[in-house]
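Inspection log for the structure reproduced underneath, given as structure tokens.
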Amino acid sequence: MAHEAFGPPLRETLSRWKREQAQLKASVIDHDTEAWQQKTDFTGLFRVGGVDISFIKGDDVRACASLVVLSYPELEVLYEEHRMVNLTAPYISGFLAFREVSFLVDAIQRLQKKKPDLMPQVLLVDGNGVLHHRGFGVACHIGILTDLPCIGVAKKLLQVDGLKNNDLHKEKIQHLKTGGDTFPLMGDSGSILGMALKSHNKSSKPLYISVGHKVSLETAVHLIQACCRYRIPEPIRQADIRSREYVRRTIELANSQEAEKERGPQRQREMQSPTVSPARVLQESAGEERPSENPCPGQSYEILGQSSEAPS
DNA sequence: GCGACAG
DNA sequence: ATCTTGTCGC
């Protein structure tokens, strides 16, 4: 019974996705645009966001999309939201955004509506930014769709543009001495696509940092370093930990409700009259509104209404 | 046939 | 991504 949850990736779909990446790539800003980025101590930076999606072992469709916002420099959780979603695309290297991005953008939109004051000033994204087959990874994709400064944080080297995780690369990793040490990742094209960063004094594996949107590589590396209590920067780490916890509790609740149903359906109705949704019970900060249809995902720019144009 | 393959 | 306990070390 090994049915694939998603149809085979059609060549036409991949080519459409490539065209969309190429088109959106033109809008990426790969330098600092925010005032707080100018100061070496990040004065004026108060909120750093992290996003992550957690999966269920035997389930190719259901997943938990999470957004957290941490204070800076304290790195304490100010906001979190977790939501079970139904994935519509498989994981294909180079096309991660088409699997994950719409759910993460939705979470940002709900935050904007509910608690605009908690909107993060920069978003850390699991995966790559411009360090990508076509220079437009998931961190760039989220950045363009939300207009937020974004940084790509990958745990493994994506071997593109001549970059290889070979002996030479491993040797460079060995040479990283203390937390904050880096070496550049230069592609065959000659441009620096990202940086390998030893984010913690005792972590043998580096992080691979790249520009997503509205931040320079230098600032990105500096900020990631400043957000690391452990190897994984705290915003992403908290999103990951809390997302898994939400999945675990959701499964437990679903199982207990299933057992209850089999044991006595009619008694169940008598005992707990108002049926409460798992999301409501487990996460009070979950979004309030009904799941709404997004008419054309991926087509909306400036979703947060942050257009800087002056009123006419 | 072999290697690569962010999450 | 996910499955998983202990184990070694600071």
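It should be emphasised that the depicted structure is a prediction, and the values quoted were computed from it without experimental measurement.
For the side chain to side chain donor-acceptor pair (under 3.5 Å) criterion with A:Asp240, the lone passing option out of A:Gln238, A:Arg244, A:Arg242 is A:Arg244.
At a threshold of 4.0 angstrom between heavy atoms, the contacts of A:Phe95 include nucleobase atoms, whether or not backbone atoms are also involved. Nucleic acid contact for A:Gly94: base, since at least one base atom lies under 4.0 Å from a heavy atom of the residue.
In this structure, CG of A:Asp59 is placed 12 Å from P of C:dC3, rounded to the nearest angstrom. Put simply, OH on A:Tyr230 is 17 Å from P on C:dC10, counting in whole angstrom units. Rounded to a whole Å, the CD atom of A:Glu245 is 14 Å from the P atom of C:dT2. The CG-C1' distance, from A:Asn128 to B:dG7, rounds to 10 Å in whole Å. Between the NE2 atom of A:His132 and the C1' atom of B:dG7 there is a distance of 12 Å, given to the nearest Å. Distance CG (A:Asp52) to P (B:dG7): 10 Å, rounded to an integer number of Å. One can place CD1 of A:Ile142 at 13 Å from P of B:dG7, the figure rounded to the nearest angstrom. Computed from coordinates, the A:Asn166 CG to B:dA4 C1' distance equals 14 Å when rounded to whole Å.
When each of B:dA6, B:dC5, C:dT2 is scored by its nearest atom to the side-chain atoms of A:Gln159, the top-ranked nucleotide is B:dC5. If you check C:dT2, B:dA4, B:dA6 against the side chain of A:Arg244, the one that comes closest is C:dT2.
Dashed line: the shortest gap from a side-chain N or O of A:Lys155 to OP1 or OP2 of B:dG7 is under 4.0 Å. An OP1 or OP2 oxygen of B:dC5 is reached within less than 4.0 angstrom by no side-chain nitrogen or oxygen of A:Tyr91.
Within 6.0 Å of the CZ atom in A:Phe6, the count of heavy atoms belonging to other residues, nucleotides or ligands exceeds 12.
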Determine, step by step, whether A:Cys227 and A:Ile236 satisfy the side chain to side chain contact (heavy atoms under 4.5 Å, CB included) criterion, reporting the C-alpha distance in whole Å, the side-chain angles of both residues, the deciding distance to 0.1 Å, and the verdict. CA-CA 10 Å; A:Cys227 288; A:Ile236 290 179; over 6 Å; no
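Ionic pairing of A:Glu245 and A:Arg248 is present here: one or more N-O contacts between side-chain nitrogen and carboxylate oxygen are shorter than 4.0 angstrom. Note on A:Arg249 versus A:Glu252: no salt bridge recorded, every NZ/NE/NH1/NH2 to OD/OE distance being 4.0 Å or above.
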